[in-house]
Amino acid sequence: MSKRFSNKIAIITGGANGIGKAVAYRLGKEGAKLAVFDLDKVLLQKTIEEFKKAGITATGYLVDISYENEVQKAVLAVEQEWHRIDILVNSAGIVGPTNTKITAFTTADFDKIYQINLKGTFLITKYTLKAMEKTGAGRLLLISSMAGKEGNPGMIGYSATKAGVIGLVKGVAKEFADTNITVNGLTPAVIKTAMNENTSAEQLAYMTAKIPMKRLGTVEEVAAISCFIVSDENSFSTGFIYDISGGRATY
Ligand SMILES: NC(=O)c1ccc[n+]([C@@H]2O[C@H](COP(=O)([O-])OP(=O)(O)OC[C@H]3O[C@@H](n4cnc5c(N)ncnc54)[C@H](O)[C@@H]3O)[C@@H](O)[C@H]2O)c1
């Protein structure tokens with residue numbers, strides 16, 4: 001494996017599991033030093049131990065990205081430890097209710113999804129960029145979803161907040177386009193992770209049927225494209241929403 005990320009300092013949110021964990025692992029194996037943010041203490045400890053056994057330099061930070069003080073404190077701690085931040089991959093997110101029409105969708109559920117998927121993305125992006133502004137260089141990848149591009153019925157909280165992430169990517173990228181900081185997004189179709197373990201069979205069948213390759217994606221496939229997106233060689237793309245959908249996306 002090449003060492004594209006030697007001496008890079010990378011924050012990965014939601015890095016204790018699923019897509020975030022796979023991206024963190026690949027970044028780490030390619031030389032990055034990892035700051036893994038997650039709210040699941042047990043999973044976080046387990047993942048950090050696994051990473052260390054694999055020869056990866058990684059520290060876990062117990063952070064709920066929907067709380068400003070926690071995000072601010074953790075980003076500052078990473079900066080104090082490593083003196084800069086080169087990469088952010090924001091993968092923390094929740095799906096919320098599925099197979100539920102808006103008329104049955106509770107406001108409390110909508111608020112919770114918003115707090116994590118959109119406000120949390122805003123917070124981690126804001127504080128990471130405050131650190132990156134000092135060096136004028138960096139790579140941000142915010143994980144959105146096909147649901148944000150197309151709108152999945154029965155999951156409007158998720159679809160709406162993931163569409164919000166796309167708007168955030170496009171706006172923020174332009175604010176920093178004249179620096180060496182790029183901000184891009186990624187919209188996966190269904191990827192086999194814990195996130196969709198509880199997704200109703202009906203909802204999952206709806207989403208898989210829409211994928212021309214007729215299969216779920218893997219976290220390793222998401223890690224491969226994510227690592228390219230945050231690599232130095234990806235230097236003339238910003239504000240772009242990359243695809244990993246087995247042919248589902250048509251734009
Ligand atoms: N799995 C899919 O099919 C799929 C498809 C499209 C997009 N996505 C997106 O990819 C990202 C990762 O999904 P996944 O499938 O790996 O999920 P996952 O549930 O396997 O992992 C998510 C991780 O994020 C952590 N997390 C959740 N809320 C958090 C918070 N507030 N603060 C910090 N950490 C938090 C969890 O503890 C967990 O470790 C999400 O943003 C999701 O919306 C997933």
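In listed order, ligands and their atoms are each counted from 1.
Of all protein heavy atoms, the one lying nearest to atom 39 (O) of ligand 1 is D38 OD2, 2.7 Å. Among protein heavy atoms, the minimum distance from atom 30 (C) of ligand 1 is reached at L39 CD2, 3.4 Å. Atom 17 (O) of ligand 1 has M195 CB, 3.4 Å as its closest protein atom, hydrogens excluded (heavy atom only). Among protein heavy atoms, the minimum distance from atom 26 (N) of ligand 1 is reached at A92 CB, 4.0 Å. With respect to atom 6 (C) of ligand 1, the closest heavy atom belonging to the protein is P188 O, 3.3 Å. Among protein heavy atoms, atom 41 (O) of ligand 1 sits closest to K162 NZ, 2.8 Å. Distance from atom 33 (C) of ligand 1 to its nearest protein heavy atom, with residue and atom name: V63 O, 3.1 Å.
One finds no salt bridge joining K126 and E133 here, because no Lys/Arg side-chain nitrogen approaches an Asp/Glu carboxylate oxygen to under 4.0 Å. Under the 4.0 Å criterion applied to side-chain N and carboxylate O atoms, K3 and E30 are not assigned as salt-bridge partners. Between K134 and E79 a salt bridge is recorded (basic side-chain N to carboxylate O distance below 4.0 Å). We find that R248 and D243 are not joined by a salt bridge, their nearest charged nitrogen and carboxylate oxygen being 4.0 Å or further apart. Electrostatic pairing of K21 and E50 counts as a salt bridge here, judged by a charged N lying under 4.0 Å from a carboxylate O.
With atom 9 (C) of ligand 1 as the reference point, the heavy atom nearest to it among I143, V165, I244 is part of I143. Nearest residue to atom 27 (C) of ligand 1 from G93, G14, G217, S145 is G93 (criterion: closest heavy atom).
Those atoms of ligand 1 that come under 4.0 Å of a heavy atom in A194, given as number and element, are 20 (O). Close approach to A189 involves these atoms of ligand 1, each under 4.0 Å from a residue heavy atom: 3 (O), 5 (C), 6 (C). Of all atoms in ligand 1, listed by their number and element, those nearer than 4.0 Å to a heavy atom of G18 are 16 (O), 20 (O). Each of the atoms 11 (C), 12 (C), 40 (C), 41 (O) of ligand 1 lies under 4.0 Å from some heavy atom of S91. Residue D64 has at least one heavy-atom neighbour below 4.0 Å for each of these atoms of ligand 1: 30 (C), 31 (N), 32 (N). Each of the atoms 1 (N), 2 (C), 3 (O) of ligand 1 lies under 4.0 Å from some heavy atom of N196. Proximity to I19 (heavy-atom distance under 4.0 Å) selects the following atoms of ligand 1: 10 (O), 16 (O), 44 (C). Using a 4.0 Å cut-off to heavy atoms of V190, the atoms of ligand 1 that qualify are 3 (O).
Side-chain atoms of D38 come within 3.5 Å of backbone atoms of A16 as a donor-acceptor pair (strictly under, hydrogens ignored). Not one N or O on the side chain of K33 forms a donor-acceptor pair closer than 3.5 Å with the backbone of T59. Between the N196 side chain and the I191 main chain, a donor and an acceptor come within less than 3.5 Å of each other.
The N/O atoms of D40, backbone and side chain alike, include none that comes under 3.5 Å of an N/O atom in ligand 1. No N or O atom of S66 sits closer than 3.5 Å to an N or O atom of ligand 1. Between Y158 and ligand 1, a contact under 3.5 Å exists for at least one N or O pair. Considering both main-chain and side-chain atoms, I191 comes within under 3.5 Å of ligand 1 through a nitrogen or oxygen pair.
A cation-pi arrangement is not found for K119 relative to Y114, the charged atom failing to lie both closer than 6.0 Å to the ring centre and inside a 45° cone about the ring normal.
Residue contacts with ligand 1 leave out K21, since none of its heavy atoms falls under 4.0 Å from the ligand. A heavy-atom separation below 4.0 Å is not found between G120 and ligand 1. Taking 4.0 Å as the cut-off, G15 does not count as a neighbour of ligand 1 on heavy-atom distance. Contact analysis leaves A22 out of contact with ligand 1, as no non-hydrogen atom separation drops below 4.0 angstrom. Residue contact annotation: T13 has no non-hydrogen atom under 4.0 Å from ligand 1.
Both the backbone and the side chain of I65 come within 4.0 Å of ligand 1, counting heavy atoms alone. Only the side chain of T193 comes within contact range of ligand 1, with a heavy atom under 4.0 Å; no backbone atom does.
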Assess whether side chain to side chain donor-acceptor pair (under 3.5 Å) is satisfied between N234 and Y242, documenting all intermediate values. CA-CA 12 Å; N234 187 22; Y242 286 82; 3.3 Å; yes

As a quick check of understanding, evaluate side chain to side chain contact (heavy atoms under 4.5 Å, CB included) for L186 and I241, giving each step before the final call. CA-CA 5 Å; L186 180 65; I241 306 301; over 6 Å; no

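A tilted orientation is assigned to the rings of Y25 and F51, their planes being inclined by 30° to 60°.
Other residues, nucleotides and ligands place no more than 12 heavy atoms under 6.0 Å from the NZ atom of K101. Applying the 6.0 Å contact sphere to CG of L76 captures more than 12 heavy atoms from other residues, nucleotides or ligands. Residue Y206 qualifies as enclosed at atom OH: its count of foreign heavy atoms under 6.0 Å is above 12.
Counting only N and O atoms by type, the side chains of E68 and Y127 include a donor and acceptor under 3.5 Å apart.
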